[in-house]
Amino acid sequence: MRKQTLRIVLGDQLSPAIAALRDLNPAQDVVLLAEVQAECTYVKHHAKKLVLVLSAMRHFARALQARGVHVDYVTLDDPQNTQNLRGEFLRAIQRHRPARVVATEPGEWRVAQDMRHWQSLLAEQADGQEVEIRDDDRFFCRLQDFFTWARGRKSLRMEFFYRDMRRQHGYLMEGEAPAGGHWNFDKENRKSLPKAVAVPSIPSFEPDQITRGVIALVQARFPDHLGSVEGFAFPVTRRDAGRALDDFIAHRLPAFGDWQDAMKTGAPVLFHALISPALNLGLLDPRAVCAAAEAAWKKGAAPLNAVEGFVRQILGWREYVRGLYWLHMPDFARKNALGATRALPGFYWTGETRMNCLRQTVRDTIANAYAHHIQRLMITGNFALLAGIDPNEVDEWYMVVYADAYEWVEMPNTRGMALFADGGIVGSKPYAASGAYINRMSDYCKACSYDVKDAVGPNACPFNFLYWDFFARHEKLLAGNIRLAMPLRTLQRMAPAKRAAIRSNAQAFLQSEACKPP
Ligand code: FAD
Ligand code: DLZ
Ligand code: SF4
C-alpha cells in the first residue's frame, strides 16, 4: 500500500513550521518546490524580487535536505518543467504516486482558485489520492476569525481590530489594559526629521554561491524585467533574516515611532525595519518579530511609542489587510469608487520627472525594490490618487516594483489605503495631501524646481493644484465625510477665478509631456 505524502510548498511558504509540513515524516514523505516561469511573469516582478524568491526557495530546500527530508526540487531550467504550478503538481503526482497530498492555502486568490481546481483534476485521475489544503497559520488571525469579527460591523476600522488582537495575543498589555494607558501613541510619533540626525546603516547580505547562480539565471531569463540584480543584498535564509531583524531592534527600533513618517533624500530605509521581503516569504515569523520588539521595550532598550507603533504595523495592519483582501476578493480587484481612468505616467517606470519627491522615491524603488511606507503612500500613492490614475495600472506597478509585493497585502494597501478605490473600506477618508505635507515631512522640496508654496502658475508644485482639483472633482461624493470638512470648506470659499486656474493648471499638467504614459 502506498503511504507517501506529497507536501507542496510554494515560493512564499518558506517556513519550516508551515502547515503543509506540520506532520512531516522525513522517512516517507516528499516535499515539492517548483520554480516556474508563470509565477515569475504573471506580473513582471523586479529583478531583485526574482532573485530573492528563487534564492530563498533554493536555500529552504537545502535546509530541508540537511534534515534528511526528501525534496523534489524543480528548477526553472529543467527541460521537463511545464512552467506553471498546476503542471508541476500533476507531474509530481505521476513521479511519486503519493497516497495523499498536503498543501497550505496560497496567499493570492488567483493561485488559491487554481489549487481548488487541482483537487478536482486529481479526483478525475481516480487514483484515490486525497488533497488537503490547510489554513496558513503563520498569521495571528485565522481568516475565519477575521470574517467573524467583520460580520455585522458597519465599519471595519483597523484600530478596533488591533485592540482585539492586542487583548487576544497579550502584546504590550498590563492585565486588561494597554501598557502605558493608551492603545496608540501616534501623537508622540511622526515628527519631521532634524537635519542633524544620523541615519543608521542597513546590514547587507553578500550573495553566496546559490544566490550568485540565481542572479545569473535571472539575468539570462528575465532581461526585460524592471531593475537590476546589481547590489542584491536581501537576506535569503532564516538565519540572515534573523540577523536583519536583530539589527533593526538594536539600531532603528528606538527611533521608529518618532520618524516613522519622515522622508529623506538618499535614505530609503531611515528607521524602518526592512523586514517585509523576508516576512512575506516566511523567513521571519510575525510572532517572533513582535516578541523581539516587546522584549526590547521590557528591558528598556526602546521606548513604548516606538514599540507600540511597530507592533501595530504587524499585529494590526498586516493582519487586517490580509483579512480584508480575503473578505472582499474577487470584488476587491474591480473596485474603482472614484472612477479613475487615467494611464500611469511613464515616469513611474523611470523616475524621470521634475517633481523631486517622485524622482527620489521612484529611483529608490527601482534601485532597491523597496521604499518605505510613507514614500509608497504619500508620494507615489498620493500622486496616483490626486491624478486619478486607473487602479488596475497602479496595482500592477506596486506588484512589479517591490520585493515584498504579494496581492494579499499589496491590493488593500494600494486600492484601499492609497487610492480610496474601495470607497472607504480600509480608510475613512482618502489620504490626499498637498505639497505642504511633503515639505513638512521631507527634504525633497528644497531641491525641487517647482515651488511648494505656489498653488497655481508655471512653477507651482503639481501636488498643490492636483490636490484642490481632486477635491473639486469629487466634491459631491466626499461632501458627507466629516473628516474632510476642512478642505471642502476651503474649496467652497475659494474665489471662482482661483478654482478655474486650479482646474486649468491640473488639466494642462496631466495632459502634458510630464505625465505621458510610457
Ligand atoms: P516597517 O515600516 O518597518 O513596518 C514593519 C512591518 O509592518 C512591515 O515589514 C510589514 O510587514 C508591516 N506593515 C507595515 N505597514 C503595513 C501595511 N500598511 N500593511 C501591511 N503590513 C504592514 N507591504 C507589503 O508587505 N507588501 C506590499 O506589496 C505592500 N504594498 C503597499 C502598497 C502601498 C500603496 C502602501 C501604502 C503600502 C504597502 N505595503 C506593502 C505596506 C508597507 O508600506 C510595507 O509593509 C512596508 O513599507 C515594508 O517595509 P518595512 O519592513 O521597512 O516596514
Ligand atoms: C513570487 C514567486 C515567484 C517569483 N516564483 C515562484 C516560483 O517559481 N514558484 C513558486 O512556487 N512560487 C513562486 N512565487 C510565489 C508565488 O507567486 C506565491 O506563492 C503566490 O503568489 C501565492 O501567494
Ligand atoms: Fe514634490 Fe512639490 Fe515638493 Fe517638488 S515642490 S518635491 S513636486 S511636493
Side-chain angles (χ1 to χ4, degrees), residues 8-13 33-42 45 49-50 52-54 57 74 76 83 85 88 106-112 158 248 252-253 256 260 269-281 284 286 289 309-322 353-360 370-381 383-384 394 398-399 402-419 426 431 433-439 442 444-454 460-464:
I8 295 165
V9 176
L10 301 179
D12 57 353
Q13 298 180 338
L33 283 113
E35 298 175 0
V36 293
Q37 186 88 3
E39 291 307 302
C40 295
T41 53
Y42 72 92
H45 306 282
K49 179 183 183 186
L50 290 175
L52 170 71
V53 177
L54 300 178
M57 284 176 72
V74 183
L76 207 54
Q83 302 297 357
L85 290 172
E88 286 318 287
E108 297 190 349
W109 194 83
R110 151 192 85 81
V111 185
M158 199 290 295
F248 164 71
R252 305 194 296 286
L253 176 64
F256 175 85
Q260 198 177 340
V269 180
L270 280 176
F271 294 87
H272 291 267
L274 185 49
I275 55 167
S276 50
L279 201 51
N280 294 350
L281 284 178
L284 284 174
V289 174
F310 179 70
V311 166
R312 180 163 14 106
Q313 304 312 309
I314 295 170
L315 183 64
W317 279 110
R318 188 168 185 269
E319 299 284 324
Y320 169 78
V321 298
R322 174 180 182 250
T353 164
R354 264 183 72 193
M355 293 176 279
N356 190 38
C357 51
L358 275 156
R359 188 163 66 233
Q360 298 302 332
Y370 173 86
H372 68 68
H373 185 68
I374 296 305
Q375 291 177 305
R376 297 187 201 197
L377 182 63
M378 302 310 290
I379 306 293
T380 43
F383 185 89
V394 188
Y398 278 95
M399 279 299 297
Y402 293 117
D404 58 25
Y406 299 90
E407 201 181 78
W408 65 266
V409 53
E410 175 279 329
M411 188 177 283
N413 272 297
T414 302
R415 266 182 205 252
M417 192 185 299
L419 299 183
V426 175
Y431 276 93
S434 68
Y437 172 89
I438 296 169
N439 193 28
S442 78
Y444 295 147
C445 301
K446 286 188 195 78
C448 187
S449 62
Y450 288 112
D451 191 336
V452 72
K453 290 190 205 75
D454 286 354
C461 163
F463 280 84
N464 290 341

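Please read all numbers here as calculations on a predicted model, not as lab measurements. In this chain, residues are counted from 1 in sequence order. All ligand and atom numbering here is 1-based and tracks the order in the structure.
Distances below 4.0 Å separate heavy atoms of Y42 from the following atoms of ligand 2: 17 (O), 21 (O). Close approach to A34 involves these atoms of ligand 2, each under 4.0 Å from a residue heavy atom: 7 (C), 8 (O), 9 (N), 10 (C), 11 (O). When each atom of ligand 3 is checked for a heavy atom of V452 under 4.0 Å away, the hits are 5 (S). Atoms of ligand 2 found under 4.0 Å from any heavy atom of G107, numbered from 1 in the order shown, are 22 (C), 23 (O). Within the listing of ligand 3, atoms 7 (S) sit less than 4.0 angstrom from a heavy atom of M355. Listed by number with element, the atoms of ligand 2 under 4.0 Å from a non-hydrogen atom of L50 are 4 (C).
Checking Q37 against T41 by side-chain atom types alone, no donor-acceptor pair falls below 3.5 Å.
Residue contact check for ligand 1: A371 places a non-hydrogen atom closer than 4.0 Å to it. The closest approach between Y398 and ligand 1 falls below 4.0 Å for a heavy atom of the residue. Ligand 1 has at least one atom lying under 4.0 Å from a heavy atom of F256. For the ligand labelled ligand 2, residue M57 lies inside the 4.0 Å heavy-atom shell. Under a 4.0 Å heavy-atom criterion, Q13 is not in contact with ligand 2. Using a 4.0 angstrom heavy-atom cutoff, Y320 does not count as in contact with ligand 1.
Nearest residue to atom 1 (P) of ligand 1 from R415, E407, H272, E319 is H272 (criterion: closest heavy atom). In this structure, of Q313, M378, E410, the residue bringing a heavy atom nearest to atom 13 (N) of ligand 1 is Q313.
Applying the 6.0 Å contact sphere to OH of Y42 captures more than 12 heavy atoms from other residues, nucleotides or ligands.
Residue contacts with ligand 2: E35 is placed with no nitrogen or oxygen under 3.5 Å of a nitrogen or oxygen of the ligand (distance criterion only). Here's the thing with T414: none of its N/O atoms is less than 3.5 angstrom from an N/O atom of ligand 1. Geometrically, ligand 1 and A418 share no nitrogen or oxygen pair separated by less than 3.5 Å. The distance criterion of under 3.5 Å between nitrogen or oxygen atoms is met by L274 with respect to ligand 1. Residue contacts with ligand 1: H372 is placed with no nitrogen or oxygen under 3.5 Å of a nitrogen or oxygen of the ligand (distance criterion only).
Protein heavy atom in closest approach to atom 3 (Fe) of ligand 3: C445 SG, 2.3 Å. Among protein heavy atoms, atom 1 (Fe) of ligand 3 sits closest to C357 SG, 2.4 Å. Nearest protein heavy-atom neighbour of atom 2 (Fe) of ligand 3: C461 SG, 2.3 Å. Nearest protein heavy-atom contact of atom 4 (Fe) of ligand 3 is C448 SG, 2.3 Å. For atom 6 (C) of ligand 2, the closest non-hydrogen atom on the protein side is E39 CB, 3.4 Å.
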Audit row: E39, R110, salt bridge (Lys or Arg N to Asp or Glu O under 4.0 Å) steps and yes/no: CA-CA 11 Å; E39 291 307 302; R110 151 192 85 81; 2.8 Å; yes
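In this structure, V74 and E88 approach most closely via the heavy-atom pair CG1-OE1, 3.4 Å.
The side chain of L85, and not its backbone, has at least one atom closer than 4.0 Å to an atom of ligand 2 (non-hydrogen atoms only; side chain from C-beta on). Neither the backbone nor the side chain of E407 has a heavy atom within less than 4.0 Å of ligand 2. With a 4.0 Å cut-off on non-hydrogen atoms, I275 touches ligand 1 through its backbone as well as its side chain. Contact annotation for L10 and ligand 2: heavy atoms of both the backbone and the side chain come within less than 4.0 Å of the ligand.
Y398 places a side-chain N or O within donor-acceptor distance of the main-chain N or O of R376, the cut-off being under 3.5 Å.
Between V53 and L281 the shortest side-chain heavy-atom distance falls below 4.5 Å.
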